[in-house]
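Every chain is numbered from 1 and lettered A, B, ... according to where its sequence line falls, protein lines coming before strand lines.
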Amino acid sequence: MEKEPVITVRNLSKQFGLFTAVDNISFDVNKGEIFGFLGANGAGKTTAMRMLCGLSLPSSGTARVAGYDVYRENEWIKRKIGYMSQRFSLYEDLTIRENIRFYAGIYGLSDIQIREKTRMLVEKLHLEGKEKTLVRELPLGWKQKIAFSIAIVHDPAIVFLDEPTAGVDPITRREFWSLIYEASARGITIFVTTHYMDEAEYCNRVSIMVDGRIEALDTPAALMKIHQAGSMDEVFLQLARKAVRAGD
Amino acid sequence: MRVLMLLLQKELKQISRDPSIFRILFIMPMVQLLILPLAADYEIKNINLGVVDHDHSEYSRKLTNKLISSGYFKLKDYNTSFKSALHSVELDKTDLIVEIPSQFERKLVTENESTLFVAVNAINGIKAGLGSAYIQSIISDYNQEIRLQWLGHPSFNPQPTIEISSSDWYNPHMNYKVFMVPGILVMLVTMIGSSFAANNIVREKEMGTIEQINVSPIKKFQFILGKLIPFWLLAMVVLTIGMFIARIVYNIIPLGSYFTIYLFASIYLLAILGLGLLLSTYAQTQQQSMLVSFFITMIFNLLSGLYTPIESMPVWAQIITKFNPVSYFIEVMRMVMLKGSGIHDIRYHILALLGFTTLFNTWAILNYRKRSG
């Protein structure tokens with residue numbers, strides 16, 4: 001399992017007109033790893049992630065995700081990945097069960113598989129009796145946990161999480177991370193962005209983006225050592241302060 | 001196939017849970033079909049008439065009486081000078097002035113001819129046109145009458161006249177409701193087709209759910225079909241409700257077959273929905289898509305021949321109507337409902353609509369991108 005890359009990025013860039021959102025980044029993500037993708041607002045994290053998911057066309061550079069090329073085989077990548085966007089993306093006017101059925105179905109799961117997945121998911125998230133509740137009526141923390149569980153309902157090779165715990169209370173965040181660990185234990189590679197530095201410490205490796213470039217990439221422990229910092233918070237502040245680009 | 005079924009299921013569930021859709025579905029056709037046909041009437045009655053009588057003779061009074069008794073005019077002003085009559089036009093009291101010269105009766109008797117002066121306020125063009133047409137026919141009628149009187153011998157008419165007698169085909173009683181209702185039905189279906197589906201897709205953009213679709217293996221045509229089919233069904237339901245109202249309330253039963261109407265409507269809706277989908281691929285917010293579809297349907301409706309006959313439009317506007325799917329449907333509706341036309345009679349309309357359908361939908365699918373540039 002060690003050092004088997006599932007994401008390979010080389011000199012990837014994205015320009016919007018004259019603005020370079022992502023500037024020549026290169027990195028690998030290994031199979032089964034929890035990869036933290038950090039950076040201040042506007043550093044280019046979401047743009048980079050969208051390119052890897054096949055939602056945005058890169059301007060230059062190369063990238064392979066789950067063995068497929070992001071330029072030509074983006075529709076193949078989509079079968080292999082899960083994605084949870086910054087914005088909440090379940091259908092609010094559908095019930096929990098209907099959301100599971102829809103998202104599992106479009107990835108080609110059979111009715112029997114869907115039923116089994118629904119049962120497991122309901123059990124794991126303690127949603128017994130709530131299956132027929134409209135998603136709209138649930139608190140944010142629940143929604144995020146359900147959204148994550150649905151993002152990996154088809155057992156993808158990699159799941160991309162864009163600030164999945166933004167605005168969620170500390171207890172739910174902890175529960176959310178135990179779901180992430182569980183998924184990781186099942187062999188799903190986790191690619192996650194976050195602004196919470198305690199969460200960064202849960203990752204196997206983290207990269208820190210500043211002004212579209214990756215300024216640091218290592219294990220949290222190594223990063224703290226290199227920057228002679230007591231916490232990831234300090235590491236982040238040291239690096240992010242160098243930014244010239246204004247956050248959004 | 002399975003993916004499409006899932007998309008349809010999801011869409012229908014969402015529609016069934018949206019209370020506003022059902023309100024629009026039933027209330028919109030009711031209001032439009034119950035109020036509009038009664039209000040939108042081309043026949044003009046109650047034209048306010050001002051008379052300037054310099055003659056004060058028997059003949060001039062007779063003429064005035066004849067004008068009023070026609071039912072189209074209301075005597076609002078009786079003046080002795082044209083200037084004061086014009087003043088009441090300026091005050092909007094009257095729409096039309098008839099000036100009878102002082103020697104009217106004498107000239108008519110001695111010289112066998114006389115002149116009248118008619119002035120029309122043409123701010124409202126339709127009213128002015130119809131008003132002066134009515135008045136001309138009433139005056140020529142009057143002319144006939146007095147000549148017959150003089151003659152005493154109806155068998156001998158020194159002035160040969162051609163009398164025009166008209167019979168109105170397809171709508172013998174000149175019932176405007178029969179003419180308007182099919183058109184309003186088209187308008188209704190068009191509004192639902194062009195804005196509902198478009199708004200729905202843009203809403204998914206706003207909510208962010210479209211991103212979740214774009215990151216999945218769903219194919220573009222599956223997604224578009226998943227949106228097209230439910231709203232196609234919805235518009236067909238509205239059409240049916242409308243047909244029902246037309247039948248129950250206005251007793252409008254198509255002379256042709258319902259099958260012809262539904263066949264054409266089903267193709268027409270594919271075209272209009274395609275247009276809506278196309279708009280939605282460009283719009284980023286519901287506001288944008290609403291405004292643009294409002295703008296387009298407005299132009300489509302105004303240039304459709306619903307309110308003003310296409311034949312009386314300038315040539316360039318007539319050419320534009322050829323690119324307006326609404327005008328085809330309105331024509332077909334009237335042909336089938338009033339004339340009883342069959343599929344063979346509307347074959348060119350069907351072909352044109354198939355063209356629109358292909359154009360709009362292909363464009364929409366091509367322009368819908370799962371990946372941004």
Side-chain angles (χ1 to χ4, degrees), chain A residues 14-17 46-47 49-59 65 70-71 74-95 97-111 114 134-136 147 150-151 153-154 156 159-160 162, chain B residues 1-23 196 199-227 229-231 234 281 284-286 365-373:
Chain A
K14 175 77 185 186
Q15 265 116 15
F16 295 107
T46 302
T47 310
M49 191 182 256
R50 286 172 54 85
M51 285 192 282
L52 297 180
C53 293
L55 286 171
S56 176
L57 194 68
S59 304
V65 176
V70 290
Y71 290 94
N74 56 318
E75 289 300 312
W76 286 100
I77 290 175
K78 288 174 185 175
R79 292 170 191 276
K80 290 284 181 190
I81 60 166
Y83 174 68
M84 188 177 160
S85 74
Q86 222 164 5
R87 287 196 290 175
F88 180 68
S89 52
L90 297 183
Y91 287 97
E92 303 245 346
D93 46 2
L94 293 183
T95 66
R97 180 193 289 276
E98 287 161 355
N99 268 293
I100 300 173
R101 184 177 154 67
F102 176 69
Y103 282 117
I106 60 178
Y107 284 98
L109 269 66
S110 71
D111 282 338
I114 292 173
L134 293 185
V135 165
R136 178 195 299 145
I150 289 179
V153 76
H154 55 293
V159 64
F160 291 88
D162 197 358
Chain B
M1 209 46 212
R2 185 175 146 78
V3 171
L4 185 59
M5 287 310 291
L6 283 162
L7 282 164
L8 291 179
Q9 257 177 27
K10 156 197 160 277
E11 213 60 57
L12 290 173
K13 267 183 203 141
Q14 286 181 302
I15 290 171
S16 70
R17 278 178 198 151
D18 186 347
S20 69
I21 286 189
F22 272 85
R23 256 176 264 147
F196 266 45
N199 262 343
N200 185 283
I201 293 189
V202 179
R203 209 185 115 193
E204 290 221 21
K205 277 192 195 175
E206 281 183 351
M207 301 287 287
T209 45
I210 201 157
E211 191 126 291
Q212 209 63 42
I213 299 277
N214 288 343
V215 84
S216 80
I218 290 183
K219 302 238 178 347
K220 288 201 277 185
F221 79 91
Q222 291 171 327
F223 181 73
I224 296 246
L225 276 180
K227 292 288 178 194
I229 296 170
F231 289 98
L234 213 61
T281 60
Q284 290 306 317
T285 63
Q286 290 192 66
I365 291 180
L366 289 179
N367 199 54
Y368 168 50
R369 296 204 189 290
K370 287 180 76 178
R371 173 152 77 173
S372 60

If I measure from the heavy atoms of chain B, does A:R50 come under 4.5 Å with its side chain, its backbone, both, or neither?
side chain
Provide the closest heavy-atom pair for B:P217 versus A:Y107 in the form atom of the first, atom of the second, distance.
CD-CE2, 3.3 Å
Pair A:E98 + B:R17: basic N to acidic O under 4.0 Å
yes
May I ask you to name which of A:I77, A:I106, A:I81, A:N99 has the most heavy-atom pairs under 4.5 Å with chain B?
A:I106
At a 4.5 Å cut-off on heavy atoms, which part of B:Q222 comes close to chain A: side chain, backbone, both, or neither?
neither
Distance col, row A:K78:NZ vs B:I213:CD1, nearest 0.5 angstrom, shows 11.0 Å
For A:L109, does its backbone N or O pair with a side-chain atom of B:R2 as donor and acceptor, under 3.5 Å?
yes
Show the nearest heavy-atom pair for residues B:L6 and A:F102, with the distance to one decimal.
O-CD1, 3.9 Å
What part of A:Q86 lies closer than 4.5 angstrom to a heavy atom of chain B: side chain, backbone, both or neither?
neither
Are there more than 12 heavy atoms of other residues, nucleotides or ligands under 6.0 Å from atom NZ of B:K220?
yes
Using non-hydrogen atoms only, which part of A:S110 is less than 4.5 Å away from chain B: side chain, backbone, both, or neither?
backbone
Does this structure show an ion pair linking B:K10 with A:D93, if we count only N-O contacts that are shorter than 4.0 Å?
no
Looking only at B:T209, B:D18, B:L7, B:I210, most heavy-atom pairs under 4.5 Å shared with chain A are made by B:T209
Passes salt bridge (Lys or Arg N to Asp or Glu O under 4.0 Å), A:E75 versus B:K370? Steps please.
CA-CA 9 Å; A:E75 289 300 312; B:K370 287 180 76 178; 2.9 Å; yes
Determine the minimum heavy-atom distance between B:V215 and A:L55, stating which atoms define it.
N-CD2, 4.0 Å
Does A:Y103 form a side chain to side chain donor-acceptor pair (under 3.5 Å) with B:Q212? I'd like the steps, not just the answer.
CA-CA 9 Å; A:Y103 282 117; B:Q212 209 63 42; 5.3 Å; no
So, applying side chain to side chain contact (heavy atoms under 4.5 Å, CB included) with B:E211, which one of A:S85, A:C53, A:S89 is it?
A:S85
